[in-house]
Structure formats: C-alpha cells, structure tokens
**Student:** 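This is the structure I have questions about; it appears just below.
If you're wondering where the values come from, they're calculated on a predicted model, not measured in any experiment. Just the heavy atoms: all of them, side chains too, but no hydrogens, waters or symmetry mates, feed the values below.
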Amino acid sequence: MRKLLKDIARKARTMSGDGKVAAYIPMLAAVDPGKFALVVRTAEGQEWAVGDADEPFSIQSISKLFALALAMEWVGAPLWEKVGREPSGMRFNSLIQLETEDGRPRNPFINAGAIATTDALMSARPEYAQDLLEQIRLLAGNPAIEMDGAVHRSEMATGDLNRAMAFVLKAHGNLANDPIAVTDAYFGANAIARFRSPVAISER
C-alpha cells in the first residue's frame, strides 16, 4: 500500500499544472495547485497517507452530503416537498433553472438544493450549524475539525449568487428562514476544515 500511494502521488504531482483552482472564492483561488494528498482507510481501521495530508482544507460541497444525511434523519420525507431528486442538467449554481422551475431545486447537491436543505435543517433545529459540525467530527473520529473562519468570510464576501438563490427560494415560498441567515449557515458548512490529519508518508 505504501508503494502504491507513493507511485500515485508522484504521477499526480506531474499533473498539477493541468487544471485550475477555483477562482470564484478568493481563499480558494489562493490555494497552491501543487498540493496533493491521498489517504486510504480500511474498514478495519488501518490508515495510510501520502503527500500533504497534514494540510487543512475546507470540505466545500462535500458538506452537502452530510447536510442531506442529517435532513433525512431530522426532517424525513417532507424534505422532498422542498427539493427534487432529479439531475439538474445545468450548472450547479444556475439561477435561471431555479427561477423557471418555480423555486424548487432539482436535487440537494446543486447549490439551490443545498440552501433549501440547510433551511429545512435550521427549521428543525436552530443549533443546526453546531450539530452538523459535531456529526462530521463523530463520523471522522476527529474532534479537531473546525470551521475555517477565513474561508467562511471569503465565501460571505463573494456569495451574492447564492444569496440570490436564497431570495428566489423565499419568493416562491420555499424558504422558511431569513435568506441571509440560511446562506451564512450554508457558507459555514462549506468552510468546515480538518485541522488534524494522519501523519503523511514521505514521498522521498
């Protein structure tokens, strides 16, 4: 396993210039594109890591999965009255689709759907943000997981399109809480980061 991970890391390092980092959030735009990490954990609890595995990073849209899992537990079937379960067929942050379909997002994994899911969670439990953080800590077995305040502020400063989606949801009667408060909680979930990781394996 160690040899396999080292080989993968070496190959991945050579491709770091092939793509682009996300530029729509300043803190993400500043990330070094040469960073790479890979962690493998077996069902038996064995763990291997390679590369920059000790580097904290915000989970961004991975948070949508955890939010949906909580919503299915706390809200249940009524969630699907607010959010669909179909492919979007358009960009993850399409405002046009949301408006033309009367403020009902296609699924929980596009931004509008995640915002509607966040709203449902906030209605179920006002302390939702802390509950989500605790749930992720529990699942990861890592109490050191926190929200990255700098990333959260960066998203809040540039999140006008997401706020627009929240207001469209509200205009169509599909948002119970204040759109600003809901998007603030949504940005906070995206900014959850891991501040203590497995010891990385040297690639040398």
Side-chain angles (χ1 to χ4, degrees), residues 1-73 85 87-93 106-111 113-114 117-118 129-155 158-159 162 186-204:
M1 182 63 76
R2 287 176 181 270
K3 183 181 184 304
L4 176 61
L5 293 186
K6 287 181 180 180
D7 289 343
I8 292 172
R10 289 193 189 98
K11 292 176 182 178
R13 295 285 191 193
T14 66
M15 295 184 284
S16 62
D18 292 353
K20 295 180 180 179
V21 297
Y24 52 89
I25 299 171
M27 283 296 294
L28 300 186
V31 171
D32 179 359
K35 295 288 185 181
F36 173 83
L38 178 63
V39 177
V40 175
R41 184 179 180 90
T42 68
E44 293 75 28
Q46 291 179 289
E47 194 170 82
W48 296 268
V50 67
D52 303 298
D54 288 321
E55 183 86 10
F57 61 91
S58 58
I59 64 174
Q60 293 299 312
S61 283
I62 297 171
S63 68
K64 294 172 181 175
L65 175 61
F66 295 105
L68 175 60
L70 284 182
M72 292 177 71
E73 179 182 346
R85 287 177 281 188
S88 67
M90 297 184 73
R91 284 178 57 84
F92 67 96
N93 60 352
R106 288 278 186 98
N107 64 70
F109 296 123
I110 57 176
N111 286 15
T117 301
T118 300
Q130 185 61 35
D131 286 340
L132 176 64
L133 186 59
E134 291 296 338
Q135 182 77 357
I136 293 176
R137 286 172 176 167
L138 177 65
L139 292 171
N142 185 352
I145 291 173
E146 297 285 355
M147 184 181 72
D148 187 322
V151 173
H152 187 202
R153 290 188 295 273
S154 187
E155 292 208 35
T158 56
N162 286 313
Y186 168 69
F187 295 146
N190 289 346
I192 290 173
R194 187 174 186 180
F195 285 99
R196 185 171 66 208
S197 301
V199 176
I201 300 169
S202 171
E203 294 175 31
R204 294 186 292 274

**Student:** Could you tell me which residues satisfy side-chain hydrogen bond (donor to acceptor under 3.5 Å, both in side chains) with Lys20, sequence neighbours excluded, listed by chain and number?
**Tutor:** none
**Student:** Considering non-hydrogen atoms only, spot the tightest contact between Ala49 and Leu5 and give its length.
**Tutor:** N-CD1, 4.3 Å
**Student:** How many angstroms lie between atom CD of Gln135 and atom CG of Leu133, to the nearest 0.5 angstrom?
**Tutor:** 10.5 Å
**Student:** Which heavy atom of Ile145 sits nearest a heavy atom of Ala140, and at what distance?
**Tutor:** CD1-CB, 3.6 Å
**Student:** Determine all donor-acceptor pairs shorter than 3.5 Å in which one atom belongs to a side chain in residues 23-36; sequence neighbours excluded.
**Tutor:**
unit_1 : atom_1 : unit_2 : atom_2 : d
Asp32  : OD1    : Gly34  : N      : 2.8
Lys35  : NZ     : Glu55  : OE1    : 3.4

**Student:** Taking salt bridge (Lys or Arg N to Asp or Glu O under 4.0 Å) as the test, write out the residues that go with Lys11, two or more places apart.
**Tutor:** none
**Student:** Looking at every non-hydrogen atom in both residues, tell me the closest pair between Ser58 and Val151 and how far apart they are.
**Tutor:** OG-CG1, 3.9 Å
**Student:** Any side-chain donor-acceptor pair under 3.5 Å between Asn93 and Asn111?
**Tutor:** no
**Student:** If you define the side chain from C-beta out and look only at heavy atoms, does anything of Phe109 sit under 4.5 Å from Leu68?
**Tutor:** yes
**Student:** Could you state the interatomic distance from CD1 (Ile136) to CG (Leu70), rounded to the nearest 0.5 Å?
**Tutor:** 8.0 Å
**Student:** Atom CD1 of Ile192 and atom NE2 of His152: how far apart are they, to the nearest 0.5 Å?
**Tutor:** 10.0 Å
**Student:** What's the separation between atom OG1 in Thr118 and atom OH in Tyr186, rounded to the nearest 0.5 Å?
**Tutor:** 7.5 Å
**Student:** Using every non-hydrogen atom in the two residues, find where Val39 and Ala53 come nearest and quote the distance to one decimal.
**Tutor:** CG2-CB, 4.1 Å
**Student:** Of all heavy-atom pairs between Ile62 and Phe66, which one has the smallest distance, and what is that distance?
**Tutor:** O-CD1, 3.6 Å
**Student:** According to salt bridge (charged side-chain N to carboxylate O under 4.0 Å, His left out), does anything in residues 133-143 pair up with another residue at least two apart or in another chain? List the pairs.
**Tutor:** Glu134-Arg137, Arg137-Glu146
**Student:** Mark yes or no for whether Arg106, through its side chain, and Pro87, through its backbone, hold a donor-acceptor pair below 3.5 Å.
**Tutor:** yes
**Student:** Does Ser63 have any side-chain hydrogen bond (donor to acceptor under 3.5 Å, both in side chains) partners at least two apart in sequence or in another chain, and if so, which?
**Tutor:** Asn190
**Student:** Do Trp48 and Thr42 make a side-chain contact, defined as non-hydrogen atoms from C-beta onward lying under 4.5 Å apart?
**Tutor:** yes
**Student:** If the condition is salt bridge (Lys or Arg N to Asp or Glu O under 4.0 Å), which residues does Asp131 pass it with, not counting sequence neighbours?
**Tutor:** Arg125
**Student:** Quick one: OG1 on Thr117 to CE on Met72, what's the gap to the nearest 0.5 Å?
**Tutor:** 10.5 Å
